[in-house]
Amino acid sequence: MFYFLMIVIALYNLLLYANFRSGIYSYLRLSKMSKTYIKKNRKGFINYWLYHSINKQNSLGILYGLNLIFLIATFTFMVFAITLGFIEALQSILIVFSIVLCIIEILCVIIASTYSNIEDYGKPFIFLAKRKHVRGYTSSLLDWLSWLMTAFLIYLSFQQL
């Protein structure tokens, strides 16, 4: 059961990383960068994943560092969770690593939600709003608390030790 929970945490973190990247894209659009400029400067492996070219020309500030940390932590956790998650001696190390990853994603999810909301609704915090692109409603509270799912999965994993 522990191994299964570690894989679920790894996959859920991939979803949160994708959400964070959409927040970075929103930040770039809010910085008056055209879609063509962004697309052109994301060519190549390093430029796509780390926004290296864009960061050289227009500093991304903390977003560049957070993206680097979140990408490396997510990838490393995923590799270790899948390859070593079934080894009992390493399970406590994976729990600590997943807690660190959860702490990183708290900040990343809040930043991504803030920039996405500013781009879509003109405000950083949305209590309840009708979605613009798809049917339904959205709230910043759901975005900001999405890391609780990871915390809950970590708690379940801890119970399996």
Side-chain angles (χ1 to χ4, degrees), residues 6-82 93-134 136-155 157:
M6 286 292 113
I7 292 174
V8 170
I9 290 171
L11 293 175
Y12 187 69
N13 278 309
L14 279 178
L15 289 174
L16 291 179
Y17 180 70
N19 180 37
F20 179 62
R21 286 185 60 84
S22 73
I24 293 174
Y25 186 81
S26 293
Y27 170 79
L28 296 174
R29 294 291 294 139
L30 288 168
S31 298
K32 307 292 185 217
M33 293 182 201
S34 69
K35 292 178 185 179
T36 308
Y37 174 81
I38 296 168
K39 186 176 180 179
K40 185 177 102 176
N41 284 294
R42 285 179 51 195
K43 297 218 186 230
F45 184 80
I46 292 176
N47 290 329
Y48 180 80
W49 289 105
L50 301 178
Y51 301 99
H52 185 71
S53 178
I54 293 173
N55 187 53
K56 267 185 170 177
Q57 297 170 17
N58 307 350
S59 178
L60 294 176
I62 193 170
L63 289 177
Y64 185 76
L66 276 176
N67 182 50
L68 181 65
I69 291 168
F70 199 20
L71 176 66
I72 291 170
T74 299
F75 179 74
T76 306
F77 179 77
M78 187 174 213
V79 168
F80 282 121
I82 291 172
I93 294 171
L94 278 172
I95 289 285
V96 171
F97 195 3
S98 63
I99 291 170
V100 169
L101 188 57
C102 184
I103 291 168
I104 293 169
E105 74 188 27
I106 292 170
L107 183 59
C108 292
V109 165
I110 290 172
I111 288 172
S113 172
T114 301
Y115 286 126
S116 295
N117 287 335
I118 290 172
E119 181 184 30
D120 291 342
Y121 304 103
K123 296 185 251 178
F125 182 81
I126 305 297
F127 185 70
L128 187 65
K130 188 171 172 114
R131 292 182 183 204
K132 289 189 171 192
H133 308 293
V134 293
Y137 292 90
T138 188
S139 173
S140 293
L141 295 175
L142 293 175
D143 291 337
W144 290 13
L145 297 177
S146 64
W147 61 271
L148 276 178
M149 179 64 175
T150 305
F152 180 69
L153 291 170
I154 292 168
Y155 171 75
S157 302

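Below, each value reflects all heavy atoms present in this structure, side chains not excepted, and no hydrogens, waters or symmetry copies. One-based numbering along the sequence shown.
In this structure, the side chain to side chain contact (heavy atoms under 4.5 Å, CB included) partners of Val8, at least two apart in sequence or on a different chain, are Phe4, Leu153. Under the ring-ring contact (aromatic ring centres under 6.0 Å, His included) criterion, Phe97 pairs with Phe77, sequence neighbours left out. For Tyr51, the ring-ring contact (aromatic ring centres under 6.0 Å, His included) test picks out no residue, with sequence neighbours left out. Residues that satisfy the side-chain hydrogen bond (donor to acceptor under 3.5 Å, both in side chains) test with Thr138, not counting sequence neighbours, are absent from this structure. Scanning for side chain to side chain contact (heavy atoms under 4.5 Å, CB included) contacts around Ser113 gives Asn117, Ser140, Asp143, Trp144, with sequence neighbours left out.
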Donor-acceptor list for residues 27-37 side chains, cut-off 3.5 Å, not counting sequence neighbours:
residue, atom, partner, partner atom, Å
Arg29, NH1, Met33, O, 2.7
Ser31, OG, Tyr27, O, 2.9
Ser34, OG, Tyr37, N, 3.0
Tyr37, OH, Gln57, OE1, 2.2

Let me have the donor-acceptor pairs involving side chains of residues 121-129, under 3.5 Å, with sequence neighbours excluded, atom names and distances please.
residue, atom, partner, partner atom, Å
Tyr121, OH, Lys130, O, 3.4

With a 3.5 Å cut-off and sequence neighbours excluded, list the donor-acceptor pairs that the side chains of residues 63-75 form with protein atoms.
residue, atom, partner, partner atom, Å
Tyr64, OH, His52, ND1, 3.2
Asn67, OD1, Tyr17, OH, 2.7
Asn67, ND2, Trp49, O, 2.7
Thr74, OG1, Phe70, O, 2.7

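Asn41 places no side-chain N or O within 3.5 Å of a backbone atom of Ser53 that could act as its donor or acceptor partner. No donor-acceptor distance shorter than 3.5 angstrom exists from the side chain of Arg131 to the backbone of Gly136, with no hydrogens or angles considered.
Separating the CD1 atom in Ile24 from the OG atom in Ser116 is a distance of 10.5 Å, to the nearest 0.5 Å. Annotation: the span from Arg21 atom CZ to Cys108 atom SG amounts to 12.0 Å, rounded to 0.5 Å. With rounding to the nearest 0.5 angstrom, the CG atom of Asn13 is 4.0 Å from the CG atom of Leu101.
At least one side-chain heavy atom of Arg42 sits under 4.5 Å from a side-chain heavy atom of Ile54. A heavy-atom distance below 4.5 Å is not found between the side chains of Ile7 and Met78. Considering only heavy atoms from C-beta on, Ile118 comes within 4.5 Å of Thr114 through its side chain. The shortest side-chain heavy-atom distance between Leu14 and Leu11 falls under the 4.5 Å cut-off. Side-chain contact between Ser146 and Leu142: absent, with no pair of heavy atoms (C-beta onward) separated by less than 4.5 Å. Inter-residue side-chain proximity for Met149 and Leu16 is flagged as unmet; no heavy-atom pair is nearer than 4.5 Å.
Judged as a side chain to side chain donor-acceptor pair (under 3.5 Å), the pairs with a partner in residues 93-108 (not counting sequence neighbours) are, in order, Glu105-Thr150.
Residue Phe80 qualifies as open at atom CZ: its count of foreign heavy atoms under 6.0 Å is 12 or below.
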Note to self: Would Val109 and Phe20 count as a side chain to side chain contact (heavy atoms under 4.5 Å, CB included) here? Give the steps.
What the structure shows: CA-CA 6 Å; Val109 165; Phe20 179 62; over 6 Å; no
